[in-house]
Amino acid sequence: MHIKVILFIITAVTAVLGHVEITQPCPRYSNKCATTPELPPGEVIDYNLNAPIGSNGNILAPFCHHTTPWPQPTETWTAGQPVTFKFYKPVATTHHGGHCEFSIMYPNSTTYLVLHQELRYCFYTGPPDNGGQDTVREYTFNLPTDLPGTPHAVAAWTFVNSVGAREFYALCGDIAVIGPAGALTGKAVTIVNYGSNTVLIPEFLGNYDTGISYYTTNTTNVTVVGEGFGGYSG
């Protein structure tokens, strides 16, 4: 009886806390951001943003969970300056790490350009099987100095898990970028475990190089173009 009660409690806690999700940049329709923006007309808060968008090659949700952006960007970035992605801290599982990418998509583009990667041990201080701690809940990195400016872009976090069902996670925030007009070419975001046209990366089973080539060598490039943006007045 005691064992059943304990298992029930663990299951309930996992259901409440769920998987990992970003809180900054504020993902579309989240209730966990420091300030919740005004919702687009007809939309409601989404309490299931920590769910995967893909599982075992099946598509469960659109790439950003929601295709309609916030009415206004929730952050303004500046080319060449540091930005931070933050994650909701009361999280039940980070699946023993995996591969994370942080990317950006510009208007009139169809895919995302990668700005930063945290491969193998995302959310951990090091290898989980060798003392790495599941304590990392934010990542800060510098934007490219030649990142084009735009009054609206989409910032995305994507994640493929090391342990468990073969899932794929993605959340997006709407941002602006201060910078000159121009173009930038770089690696396109890696999309796996998401529909029959994508690669299915298996469980890592302790080998954290599993699927790594799809993030480092077996990749494609994308070019983003911005018209330039000097910031909002007032």
Side-chain angles (χ1 to χ4, degrees), residues 10-77 83-95 97-107 109-112 114-116 118 122-123 134 136-139 151-161 164-177 189-195 198:
I10 292 174
T11 302
V13 170
T14 301
V16 172
L17 297 181
H19 305 281
V20 68
E21 62 183 294
I22 61 172
T23 59
Q24 181 183 331
C26 186
R28 292 173 181 173
Y29 313 170
S30 173
N31 70 325
K32 296 184 176 68
C33 305
T35 301
T36 300
E38 179 183 354
L39 286 163
E43 301 295 348
V44 297
I45 291 293
D46 187 341
Y47 296 96
N48 297 303
L49 291 176
N50 56 18
I53 64 167
S55 180
N56 297 318
N58 298 309
I59 295 176
L60 306 180
F63 187 83
C64 293
H65 279 262
H66 299 280
T67 57
T68 302
W70 291 114
Q72 297 293 330
T74 61
E75 286 191 22
T76 299
W77 293 357
V83 295
T84 299
F85 278 71
K86 293 183 179 180
F87 296 84
Y88 187 57
K89 291 184 177 180
V91 60
T93 177
T94 53
H95 295 281
H99 307 318
C100 283
E101 288 189 314
F102 305 86
S103 58
I104 189 169
M105 185 172 73
Y106 279 60
S109 179
T110 58
T111 191
Y112 292 76
V114 173
L115 300 170
H116 183 72
E118 290 291 338
C122 197
F123 308 115
D134 183 10
V136 181
R137 294 296 182 266
E138 64 180 66
Y139 287 102
H152 183 259
V154 183
W157 157 75
T158 52
F159 171 59
V160 60
N161 52 311
R166 305 320 306 138
E167 296 172 335
F168 185 65
Y169 296 79
L171 285 174
C172 305
D174 297 284
I175 63 164
V177 179
V189 68
T190 297
I191 300 176
V192 296
N193 303 348
Y194 187 62
T198 63

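For the numbers below, each heavy atom of this structure counts, side chains included, while hydrogens, waters and symmetry mates do not.
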Identify the two heavy atoms, one from [X] and one from [Y], that lie closest to each other, and give their separation to 0.1 Å.
{"X": "P25", "Y": "I175", "value": "CB-CG2, 4.2 Å"}
{"X": "V189", "Y": "V114", "value": "CA-CG2, 3.6 Å"}
{"X": "N161", "Y": "R166", "value": "O-NH2, 2.6 Å"}
{"X": "P73", "Y": "H152", "value": "CG-CD2, 4.3 Å"}
{"X": "Y194", "Y": "A61", "value": "OH-O, 2.6 Å"}
{"X": "E21", "Y": "W157", "value": "CA-CZ3, 4.4 Å"}

Contact check, side chains of [X] and [Y], non-hydrogen atoms, under 4.5 Å:
{"X": "E167", "Y": "H19", "result": "yes"}
{"X": "V177", "Y": "I104", "result": "yes"}
{"X": "P69", "Y": "V154", "result": "no"}
{"X": "S30", "Y": "Y88", "result": "no"}
{"X": "Q24", "Y": "E138", "result": "no"}

When you measure from the side chain of [X] to the backbone N and O of [Y], does any donor-acceptor pair fall under 3.5 Å?
{"X": "W70", "Y": "C26", "result": "yes"}
{"X": "N193", "Y": "F168", "result": "no"}
{"X": "T74", "Y": "D174", "result": "yes"}
{"X": "H65", "Y": "A51", "result": "yes"}

Should we say atom CD of Q72 is surrounded by more than 12 heavy atoms from elsewhere, each under 6.0 Å from it?
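No, CD of Q72 has 12 or fewer neighbouring heavy atoms, counting only those of other groups under 6.0 Å.
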
Distance from [X] atom [atom1] to [Y] atom [atom2], nearest 0.5 Å?
{"X": "T93", "Y": "D134", "atom1": "OG1", "atom2": "CG", "value": "7.5 Å"}
{"X": "Y29", "Y": "E43", "atom1": "OH", "atom2": "CD", "value": "3.5 Å"}
{"X": "N48", "Y": "L60", "atom1": "CG", "atom2": "CG", "value": "12.0 Å"}
{"X": "Y106", "Y": "T111", "atom1": "OH", "atom2": "OG1", "value": "14.0 Å"}
{"X": "K32", "Y": "K89", "atom1": "NZ", "atom2": "NZ", "value": "15.5 Å"}

Per the ring pair (Phe, Tyr, Trp, His ring centres under 6.0 Å) rule, which among F159, F102, Y139 passes with F85?
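Filter result, single survivor: F102.
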
Is it the case that H99 and E101 place a side-chain donor and acceptor less than 3.5 Å from each other?
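Looking only at side-chain atoms, E101 and H99 do not form any donor-acceptor pair under 3.5 Å.
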
Per the side chain to side chain contact (heavy atoms under 4.5 Å, CB included) rule, which among I191, T190, I59 passes with T198?
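Answer after filtering I191, T190, I59: I191.
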
If the test is side chain to side chain contact (heavy atoms under 4.5 Å, CB included), which one of N50, V136, T23, I22 qualifies with F87?
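For F87, the side chain to side chain contact (heavy atoms under 4.5 Å, CB included) test succeeds with only one of N50, V136, T23, I22, which is I22.
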
Report the C-alpha separation of E75 and T84 in whole Å, then their side-chain angles, then the decisive distance to 0.1 Å, and conclude whether the side-chain contact (heavy atoms from CB on, under 4.5 Å) test is met.
CA-CA 11 Å; E75 286 191 22; T84 299; over 6 Å; no

Would you please test I45 and T36 for side-chain contact (heavy atoms from CB on, under 4.5 Å) and show each step?
CA-CA 10 Å; I45 291 293; T36 300; 4.1 Å; yes

